[in-house]
Amino acid sequence: MSDKTLFSEDAELFDACRELLALAASHGLTLGTAESCTGGLVAGCLTAVPGSSSVVRGAIVSYAIEVKERVLGVSQEILDSPALGAVSGECAAQMAEGARRVLDCDISVSITGIAGPGGEEPGKPVGTVWMGLSTPKGTRCVLNHFEGDREQVRHASVRRAVSLIHEGVMEISNPA
């Protein structure tokens with residue numbers, strides 16, 4: 001599934017990316033991603049927008065556990081934990097923080113989950129997707145349960161990640 005396919009099936013997603021990038025640019029904010037089960041689709045959608053290079057710093061596709069650990073700094077304790085592992089809020093948080101550090105950006109989103117068709121674990125069915133959002137105000141995690149096949153789970157994940165980044169931009173650009 002390419003960004004062109006995503007946009008041809010979901011024109012609202014392109015508009016959301018364009019609006020997000022314009023908002024971030026208007027506040028002088030930079031963005032980055034750390035993606036596992038989406039394989040770079042969020043970054044692909046963002047960078048499909050002309051002029052995105054003024055806002056998007058980069059993306060790390062951390063499909064392999066070793067990349068999560070070595071590049072993003074996810075702790076071995078989390079990755080080895082039967083209760084947590086790579087599909088957990090703790091992993092998503094460390095991925096998002098690692099992306100902010102490595103990419104030197106203001107806001108980063110991370111995605112780690114089970115897109116299917118296989119790979120489910122006890123308590124983590126296909127469609128379980130954790131996301132992390134890291135901003136100068138802190139890091140938070142969101143658990144999602146998406147329905148559908150692999151393509152539908154990945155598409156829903158991209159939409160939610162773009163929305164989550166938008167929330168982050170709003171949080172740090174509107175002091176309260």
Are V158 and I107 co-members of a hydrophobic cluster defined by side-chain heavy atoms under 4.5 Å apart?
yes

Between S157 and M131, is there a side-chain heavy-atom distance shorter than 4.5 Å?
yes

According to a hydrophobic-cluster definition based on side-chain heavy atoms being under 4.5 Å apart (Ile, Leu, Val, Met, Phe, Trp, Tyr only), do V67 and L79 belong together?
yes

Are the side chains of T33 and I111 in contact, using a 4.5 Å heavy-atom criterion?
no

Scanning both residues in full, the closest heavy-atom pair of A86 with I65 reads CB-CD1, 3.5 Å

Does a side-chain heavy-atom distance below 4.5 Å link R100 with P136?
yes

With rounding to the nearest 0.5 Å, note down the distance linking CD in E90 to CD1 in I78.
6.0 Å

Separation of H145 NE2 from T128 OG1 (nearest 0.5 Å):
5.0 Å

Would the number of heavy atoms belonging to other residues, nucleotides or ligands and lying under 6.0 Å from CZ of R70 be above 12?
no

Nearest 0.5 angstrom please: E97 CD to T135 OG1, how far?
10.5 Å

Derivation and outcome, side chain to side chain contact (heavy atoms under 4.5 Å, CB included), residues W130 and C91
CA-CA 8 Å; W130 278 98; C91 181; over 6 Å; no

S52 side chain near L46 side chain, heavy-atom distance below 4.5 Å
no

When rounded to the nearest 0.5 Å, the distance separating CD1 of I165 from CG of L20 is 5.5 Å

Would you indicate whether the side-chain heavy atoms of H166 and M170 approach each other to under 4.5 Å?
yes

Do the side chains of V162 and L164 join up, straight or via other hydrophobic residues, at under 4.5 Å, putting them in one cluster?
yes

Distance-only, no hydrogens or angles: does the R154 side chain make a donor-acceptor pair with backbone N or O of D149 under 3.5 Å?
no

Between S134 and T139, the two heavy atoms sitting closest are OG-OG1, 3.2 Å

From K137 NZ over to D106 CG, what is the distance, rounded to the nearest 0.5 angstrom?
13.0 Å

Heavy-atom pair of closest approach, residues T30 and C105
OG1-CA, 3.2 Å

Over all heavy atoms of both residues, which pair between F14 and A48 is shortest? Give the atoms and the distance, please.
CE1-O, 4.0 Å

For the side chain of R150 and the backbone of P117, is there at least one donor-acceptor N/O pair under 3.5 Å apart?
no

Output the distance between atom SG (C45) and atom CG (L13), rounded to the nearest 0.5 Å.
4.5 Å

Are L103 and V169 linked, directly or through other ILVMFWY residues, by side chains that come within less than 4.5 angstrom of each other?
no

Should we count CD of E147 as having more than 12 external heavy atoms under 6.0 Å?
no

V49 versus V56: any side-chain heavy-atom pair under 4.5 Å?
no

Quick one: does V142's side chain get under 4.5 Å of L133's, heavy atoms only?
no

Flag, side chain of E35 to backbone of A59, donor-acceptor distance under 3.5 Å
no

So V74 and M95, side chain to side chain contact (heavy atoms under 4.5 Å, CB included) or not? Walk me through it.
CA-CA 6 Å; V74 177; M95 286 172 65; 3.7 Å; yes

Partners meeting salt bridge (charged side-chain N to carboxylate O under 4.0 Å, His left out) with R18 (sequence neighbours left out):
D15

Where S110 and A92 come nearest, the two heavy atoms and their spacing:
OG-O, 2.6 Å

Please examine the side chains of R159 and E12, heavy atoms only from C-beta on, and report whether any two atoms are closer than 4.5 Å.
yes

Linked, directly or transitively: L23 and L31 (ILVMFWY side chains, under 4.5 Å):
yes

Please name the pair of heavy atoms, one in K124 and one in V87, separated by the smallest distance, quoted to 0.1 Å.
NZ-O, 2.8 Å

